[in-house]
Amino acid sequence: MCRMFCAKRLLQGVLLMSVLSAGAQAAPIDLIIDTDPGADDVVALFMAMGSPDELKIRAITTVAGNVRLDKTSRNARLAREWAGREDIPVYAGAPRPLMRTPIYAANIHGEEGLPGVTVSEPKKGLAKGNAVQYLIDTLSTAKPHSITVAMLGPQTNLALALVQKPEIVNGIKEVVVMGGAHFNGGNITPVAEFNLFADPQAAEVVLKSGVKLTYLPLDVTHKVLTSEARLKQIADLKNAASKRVVDILNAYVKADMVHYGIPGGPVHDTTVIAYLLKPELFKGRQVSMVVDSREGPTFGQTIPDWYGSLKAPANVTWITEGDAQGFFDLLSTRLKRLP
């Protein structure tokens, strides 16, 4: 009798632990998305907004980058409207970098920042207040190390918040950045990636703040490429979101395919959201990294000490590998949930 009773209690305990473990794994990531939409940013926002069980999006904060701030802010609100997620507030942030002359990427993203689709003024406006102040207020009152910040553009907003109130670092769990380049070279200069080149001083502020940092650089985004089959996979979903993504990507990826002579195009910023949802799709290592903010040919370069030659403490997780088909499978499942 004791054996049967004890075995039953043991089984109940195992089942309870399994339930508790599943509940713990299901807890959504508390997330702020800082972005400069941008074609790939909108695809990233769609993936995030199609993942409410895993990502609790507190807000979208916008910054000047791919296009001017007024256009990035409009595009973020359009993405929110298209996804049926007007519950998420959008705060406009920094209209220019910390120090350097502003640059934009209209040659890649078009004058409006959204190639392949028609843009219009969204029905719902911006949230009251500024993105930088929102970051300060939210991170100051958050539980210690509780909020993840996904950075899909120049890091100006977070840098300004850290300069004004350095202690907000205590509220940050992790900062996940789409940016940087090393093994494959840059996409705006031979060595620099656009988001870092657009505001390397801001990236330095974030790097030196001591936050937990993960970088998804061109090293990995240029391995996660579109193909005819992958675009058809998305098109076959036959909803408005999938049609917009296909139209955007068909227009957006052409420049990279021609420039690099590659068979498909990268969807850079969307890898950040995929990493948050399924980190097992990616591989990298912890390294010591610096950003070059000196004027000259290496301005904006990210320099990860991949082999530990300098014996400096690691300050970044640098991602170099990604499961391309796994990424597009994940994107498809999340787009399918949207209108």
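Position 1 is the first residue of the sequence, and the numbers go up from there. All values reported here derive from a predicted model rather than from experimental measurement.
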Trainee: Side-chain contact test, heavy atoms from C-beta onward, threshold under 4.5 Å: evaluate it for F282 versus V220 and give yes or no.
Mentor: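 Yes; the side chains approach each other to less than 4.5 Å.
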
Trainee: Are there more than 12 heavy atoms of other residues, nucleotides or ligands under 6.0 Å from atom NZ of K223?
Mentor: yes

Trainee: Do you know which of E121, E81, E112 makes salt bridge (Lys or Arg N to Asp or Glu O under 4.0 Å) with R74?
Mentor: E112

Trainee: Are any of the side-chain heavy atoms of R80 and F46 separated by less than 4.5 Å?
Mentor: no

Trainee: Restricting to non-hydrogen atoms, name the atom on L277 and the atom on S51 that form the minimum distance, rounded to 0.1 Å.
Mentor: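 Distance-wise, the nearest heavy atoms are CD1-OG, 3.4 Å.
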
Trainee: If we ignore hydrogens and angles and just use 3.5 Å, is the side chain of D305 paired with the main-chain N or O of S288 as donor and acceptor?
Mentor: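 Here the side-chain-to-backbone pair does not exist.
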
Trainee: What is the distance from atom CG of L213 to atom CH2 of W318, rounded to the nearest 0.5 Å?
Mentor: 11.0 Å

Trainee: Applying ring-ring contact (aromatic ring centres under 6.0 Å, His included), can you list everything that pairs with H182, at least two apart in sequence or on another chain?
Mentor: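 Not a single residue meets the ring-ring contact (aromatic ring centres under 6.0 Å, His included) criterion with H182.
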
Trainee: If you count every heavy atom of other residues, nucleotides or ligands that lies below 6.0 Å from K124 atom NZ, does the total exceed 12?
Mentor: yes

Trainee: Identify each donor-acceptor pair in which a side-chain atom of residues 184-198 lies under 3.5 Å from a protein atom, sequence neighbours left out, and give them as a table.
Mentor:
unit_1	atom_1	unit_2	atom_2	d
N187	OD1	F194	N	2.9
T189	OG1	V191	N	3.2
T189	OG1	A192	N	2.9
E193	OE1	G180	N	3.0
E193	OE1	N195	N	3.1
E193	OE1	L196	N	3.2
E193	OE2	N195	N	2.9
N195	ND2	L152	O	3.3
N195	ND2	M178	O	2.9

Trainee: Testing the basics here: between I32 and R58, what is the closest heavy-atom pair and its distance to 0.1 Å?
Mentor: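 The answer is CG1-CB, 4.2 Å.
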
Trainee: Think R285 forms a cation-pi with W306, using NZ or CZ under 6.0 Å from the six-ring centre and within 45 degrees of its axis?
Mentor: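 Ring-cation test returns yes.
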
